[in-house]
Number of protein chains: 2
Amino acid sequence: MTQNLTINSALTQAEKVCTRRGLSLTPMRRRVLELLLTAGAPVKAYDLLSSLKPGGGAQPPTVYRALDFLTAAGLAHKVEALNAYMACVRGDECGGAELYICEGCGAVTERHTSPVPTETPSGFQVDRSVIEHYGRCAQCAQS
Amino acid sequence: MTQNLTINSALTQAEKVCTRRGLSLTPMRRRVLELLLTAGAPVKAYDLLSSLKPGGGAQPPTVYRALDFLTAAGLAHKVEALNAYMACVRGDECGGAELYICEGCGAVTERHTSPVPTETPSGFQVDRSVIEHYGRCAQCAQS
DNA sequence: TTTAGTAATGTTATAATGTTGCATTCGCTA
DNA sequence: TAGCGAATGCAACATTATAACATTACTAAA
């Protein structure tokens, strides 16, 4: 139940974020976000699709459009190297996150660090960054 | 011709790297690496496939196997967010690179920085990192 | 020289992921 | 209530990647 509370409050906050920004969190979009929140881990688009099936056979574009909306709104991230999607832990003003993905248990830790001070080529203007670290979390590293 | 010289020397070095490590840079693998070097930019697997066709119709597994070998050997990188592949500028002991990808002209700058000092979750052991920055290079930023 | 073993490649089919284009619905508002 | 725009439904298709098995080529041992 604690988990449900968390998910519900995340959804409520997502509503607020959208309202404030003139976006509309429609039932479909909300449903997809809920699935991502419930999973608590990266989910593949076609798995979301399967979850949506019972009670209205959704088609690929439906899911991809919802995901596009959610990622554009900063409510979700795409995990590029997994072709998967996850809810942003921080449903607001998220300008890109740094992900630590455990290949043992699938858990993902998200960090919103300030831009990493790297050796950027002279004059290069960064729009968005994909930063994904793959390895083993503390628990899985032991076994 | 300068370009050809560069490519040839890169191939020669790749041979050496493989030999030293007990790997074999077969003709097919070498050919794919050559295509990546020639392109000088990320190339899609099926584009490589097309390039290989004239003179022996290659099938997808052929290309993907060559790419798997090259990436495992550190001779090439996969650009995750583009589903594309590129030769590593540094054909040796490459343990992952940081990529700056211009969305204007497609050019990619590669950096081999020391591990970025970030807020790693406690106990998390990083195996490999995907770091891709998307934006505009100095030239393209102006227009 | 044969024989077995292994790594690499060929071949066919299919799975997984993502997009295009157009029709339909729904709420708004003029 | 007519028209508009945003969202969704829907069918087809395009792209990316893998599975499964056959074949070849090279090596090494008998």
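The chains referred to below are lettered A, B, ... by the order of the sequence lines, with proteins before strands, and numbering in each begins at 1. Computed over heavy atoms, backbone and side chain alike; hydrogens, waters and symmetry mates excluded.
Atoms CG (B/Leu70) and C1' (C/dA8) sit 14 Å apart, rounded to a whole Å. For B/Leu49 and D/dT16, the CG to P distance is 11 Å, given to the nearest whole Å. Remark: P of D/dC10 and CG of A/Leu52 are 13 Å apart, rounded to the nearest angstrom. Look at CG on B/Leu48: it is 15 Å from P on D/dT15, rounded to the nearest Å. Taking atom CD of residue B/Gln59 and atom P of nucleotide C/dT14, one finds them 14 Å apart after rounding to whole Å. When the P atom of C/dT9 is taken as reference, atom CE of B/Met28 falls 7 Å away, rounded to whole Å. Between the CG atom of A/Leu23 and the P atom of D/dA6 there is a distance of 12 Å, given to the nearest Å. Taking atom OH on A/Tyr64 and atom P on C/dT17, their separation rounds to 7 Å, with Å as the unit.
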* Might you work through the side chain to side chain contact (heavy atoms under 4.5 Å, CB included) test for A/Val126 and B/Tyr134, ending with a clear yes or no? => CA-CA 6 Å; A/Val126 175; B/Tyr134 292 83; over 6 Å; no
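A close approach under 4.0 Å does not occur between any side-chain nitrogen or oxygen of A/Thr26 and OP1 or OP2 of D/dA7. Taking 4.0 angstrom as the limit, B/Asn83 places none of its side-chain polar atoms (N or O) nearer than this to OP1 or OP2 of D/dT15. Between D/dA17 and B/Lys78, a contact under 4.0 Å exists linking OP1 or OP2 to a side-chain N or O. Between C/dT9 and B/Thr62, no contact under 4.0 Å exists linking OP1 or OP2 to a side-chain N or O.
Across D/dT18, C/dT19, C/dG10, the shortest atom-to-atom separation from the side chain of A/Pro60 is found for C/dT19. Which of C/dT17, C/dT12, D/dT8 sits closest to the side chain of A/Arg29 comes down to D/dT8. Closest contact between the side chain of A/Pro61 and the listed nucleotides D/dA7, C/dG18, D/dC10 involves D/dC10. Side-chain atoms of B/Lys44 lie closest to D/dT16 of the nucleotides C/dT9, C/dG10, D/dT16.
Separation of atoms CG (B/Leu48) and CD (B/Glu34) is listed at 12.0 Å; rounding is to 0.5 Å. Rounding to the nearest 0.5 Å places CG of B/Leu25 at 8.0 Å from OG1 of B/Thr19.
Counting any heavy atom pair closer than 4.0 Å across all strands shown, A/Arg65 reaches a base atom. As judged by a 4.0 angstrom heavy-atom cut-off over every strand, A/Tyr85 is placed among residues touching the sugar-phosphate backbone only.
One N or O donor and one acceptor, one from the side chain of B/Tyr46 and one from the base of D/dA17, sit under 3.5 Å apart.
Here the side chains of A/Thr109 and A/Cys137 are not in contact, with every heavy-atom distance at 4.5 Å or above.
Between A/His133 and A/Tyr100, the angle of the ring planes stays under 30°, which puts this pair in the parallel group of the 30/60° scheme.
Between B/Ala84 and A/Pro27, the one whose closest nucleotide on DNA chain D sits nearer the 5' end is A/Pro27.
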